[in-house]
Each structure stands twice: as C-alpha cells, then as structure tokens.
Asks: 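My structure is below; once you've seen it, I'll send some questions.
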Number of protein chains: 2
Amino acid sequence: MFFSIDPNGDVPIYEQIVRQIKLAVADEVLVGGQMVASVRQLAGELAINPNTIARAYQQLQSDLVLEPLRGRGMVVRRDAIKRCTKARNSIVADGVSRALADALAGGMSPDELRELFEAELSRQSQLIQSNQANASENGTST
Amino acid sequence: MFFSIDPNGDVPIYEQIVRQIKLAVADEVLVGGQMVASVRQLAGELAINPNTIARAYQQLQSDLVLEPLRGRGMVVRRDAIKRCTKARNSIVADGVSRALADALAGGMSPDELRELFEAELSRQSQLIQSNQANASENGTST
DNA sequence: TCCTGTGTACTGGTGTGATAGTACACCGAG
DNA sequence: CTCGGTGTACTATCACACCAGTACACAGGA
C-alpha cells in the first residue's frame, strides 16, 4: 500500500496506521467498499507484528471507518469519507492549535508565525510534487 | 509561578515543565540571572513528586538553560535566551510541519489550510488577550 | 471434508513514566 | 558550629502502553 511508518516516533505504530488510513479515505485514495490489506499481509509489508495491525483495524472498526467481513477481510464503509474528512479537519486543527499555543506562549509574533507557516507550506507542497513525479516515473506503491 | 500541567496528557509531566520553562525564557518572562522555584517548592505548588521536577531541571541543565548554584538553587543562564528562542522556533516549526503533512496527506487544499490557520490564530490571540485582562484585574500568578 | 486465509483473544515481556523513600554534599544565615 | 534550605543520587515499586508470540473460531474454495 502506501504507508510510511516510523517505529521510533513518539506516536504508537497502530495509531500511525489509523491516522494514515483515515487520511487516505479523506483523500479518496481509499473509497467506500474497497478492501484493505489483510492483517498479516500489511504486517509483512511493514515488518510489524500482525497484532499491531489488528489493533489499528479494531480502532478503525470502532471509529466506524472499516467493517469486518468475517473470514474475508476488512472493507471501507460507504459512509466513512464523511467521518474521515471531519477527523482530518480536527486532526489538522488540533495540530495547528498546539503549535500556535507554543508559539504565542513563547512570544512569537503573528507575522513571524505567518512567515513560518507559508515557508513550511511551500516546502511541503514542493516536496509532494517531486514525490508524485518520482511515483509516475515507475509505478511504485507500497 | 505560571505553569499549567496536564497529568493525563500524552506528553510526560517533566517534559511539559521543560518546554514551558524554555518558552518562558524565550518570552523573557524568565530572564538571565533569575532564580527559578526550588524543586520542593514547585513540586508542592503543582502537587507533583519532587523527583519529577528534579528530572525536568536536570534536562534543562543539560540543555544549558539552567545553571545550578550549589546549595542555593537553580538560575537561568545569561545566554539561555538565544537557545530558547531557537528551541521555540524549532518546536513551532515542527508542530506546523506535522500538521501540514497530515493536511496535505488528507487532500486538504492550501487555501483551506490558510483559512484554518488564520481562524486558529485569531481565536488564540483573542484568548490570550482576555487572559491578560483577567490577570491584570488581580495580581495573580502561580 | 480439508485447507487456507481471515479477524480475534489471550498471555507475557519490555520499556517508560511517575511516585515514594532515603541518604548525601553543599551553601548561607543565625 | 548548627540548622534549614538547596540540588543530587540511588533504589524500589507501581501502572500503563506497546508489542510479540501463539492459539482459536470462522468463512470460502478445491
């Protein structure tokens, strides 16, 4: 599939998977009715214990994003995109809010903040474009 | 002093203290040569084990923000403000970067992002102003 | 039916954070 | 000097999250 996992990050692996799947649904990379990789398959690809994937899938199931088909696998719910775009918005808003709180507590001015924001935005936009270019050269996907 | 600690947050208590002291130095609320609350005093105020405070102070000492005066307490280093503003900038940039990565991975457009950013900025700026107003009414400080 | 693949449950190890208790070396005031 | 304050060190304990390993129950195809 398309995940990038950081095993040494401060966020748990299962939560990284949950978040990335929600973002993929919000971005319509994963659409309703589509099946996701099985626990063992994804675990093999990412070199992670299947239980960790299973835990992420359970979380996504209780968040009404995935639906289990017993004996067959997990499928994206038809109505998941609404919840995922909503979740995406609150995830982003929360991140921005935390960063802003730190910035203002540290005495950073709004103008400094805007400058930093735009710089990061253009940097990451550019980074995404180059990634897409690389991906189109060879049909790569993880 | 002025700390707000969330014992149930995802970040450790000692790290919250480290971060808030760095931000306070960057904002010149704490200036070079000024002494900080003692381990036992701050532990009493925040209802936290003194060992946790000591751990935060050790971290700040190895980060060259605080300096021990044996038998007297901890003092803010004269040259700490440079490091703290630098640390503040990287903390904020990191937070913004994470939020942007999520937003772009979730298919959010740059314009949506700017809108969200400005909304959060004005909201938190206003929130700070009202806090300052409350603080000036009564000479409160923790 | 048998086999393979699916999700799921249970158990245990490991690392980390927080707390408690105690003890030590140092400084400054009385 | 003595006493109360300071930071520091060390050990032990508890709780919790994360993860690995294994075994189980179920569905579908040969």
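Residue numbers start from 1 in every chain, and the chains themselves are labelled A, B, ... in the order their sequence lines are given, proteins ahead of strands. Note that the structure is a prediction, hence the values are computed from the model and not measured. Heavy atoms only: backbone and side chains are in, while hydrogens, waters and symmetry mates are out.
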Asks: How close or far is atom C1' of D/dC19 from atom CD of A/Gln59, stated in whole angstroms?
Replies: 16 Å

Asks: Contact boundaries of DNA chain C with chain B (under 4.0 Å, heavy atoms), 5' to 3'?
Replies: C/dG17 to C/dG28

Asks: A/Gln58 CD to D/dC19 C1': how many Å, rounded?
Replies: 14 Å

Asks: Stepwise, does the side chain to side chain contact (heavy atoms under 4.5 Å, CB included) test hold for A/Ile17 with A/Arg55?
Replies: CA-CA 10 Å; A/Ile17 296 173; A/Arg55 179 167 182 181; over 6 Å; no

Asks: Using atom CD1 of A/Ile53 as one end and atom P of D/dC19 as the other, report the distance to the nearest whole Å.
Replies: 10 Å

Asks: Within the modelled atom types, does a donor on one side and an acceptor on the other bring the side chain of B/Arg72 and the base of D/dG5 under 3.5 Å apart?
Replies: no

Asks: For a quick check of understanding: with a heavy-atom distance under 4.0 Å over all strands, which category does B/Leu69 fall into, base, sugar-phosphate or nothing?
Replies: nothing

Asks: Between P on D/dA9 and CZ on B/Arg40, what's the gap in Å once rounded to a whole number?
Replies: 14 Å

Asks: About how many Å separate CD1 of B/Ile81 and CZ of B/Arg88, when rounded to the nearest 0.5 Å?
Replies: 9.0 Å

Asks: Is A/Glu15 touching bases, backbone alone, or none of the nucleic acid, heavy atoms closer than 4.0 Å?
Replies: nothing

Asks: Is it the case that the side chain of A/Arg77 and the backbone of A/Leu66 share a donor-acceptor pair, with hydrogens and angles ignored and the cut-off at 3.5 Å?
Replies: no

Asks: Can you measure B/Asp10 atom CG to D/dC16 atom P for me and round it to whole angstrom units?
Replies: 17 Å

Asks: Would you say B/Glu67's side chain and B/Gln61's backbone share a donor-acceptor pair under 3.5 angstrom?
Replies: no

Asks: Can a donor-acceptor pair be found, under 3.5 Å and without considering hydrogens, that links the side chain of A/Ser125 to the backbone of A/Leu121?
Replies: yes

Asks: Determine: side-chain N/O of A/Thr52 to OP1/OP2 of D/dC18, distance under 4.0 Å, yes or no.
Replies: no

Asks: Could you tell me how far apart B/Leu66 (CG) and D/dT6 (P) are, to the nearest whole angstrom?
Replies: 15 Å

Asks: State whether the side chain of A/Arg83 and the backbone N or O of A/Leu64 hold a donor-acceptor pair below 3.5 Å, judged by distance alone.
Replies: yes

Asks: Which comes earlier along DNA chain D counting from the 5' end, the contact point of A/Gly71 or that of B/Val39, where each point is its nearest nucleotide?
Replies: B/Val39

Asks: Scan B/Ile13 against the nucleic acid and name what it touches under 4.0 Å (heavy atoms): base, sugar-phosphate only, or nothing.
Replies: sugar-phosphate

Asks: Check for a donor-acceptor pair, side chain of A/Ser97 on one end and backbone N or O of A/Ala93 on the other, with a separation under 3.5 Å.
Replies: no

Asks: D/dG7, OP1 or OP2 - any side-chain N/O from B/Gln61 closer than 4.0 Å?
Replies: no

Asks: Assign each of A/Pro7 and B/Gly73 to its nearest nucleotide of DNA chain D by heavy atoms, then name whichever residue's nucleotide is nearer the 5' end.
Replies: B/Gly73

Asks: Grab the CG-P distance between B/Asn8 and D/dC16 for me, whole Å please.
Replies: 11 Å

Asks: What is the separation between atom CZ on A/Arg55 and atom C1' on D/dA17, rounded to the nearest whole Å?
Replies: 7 Å

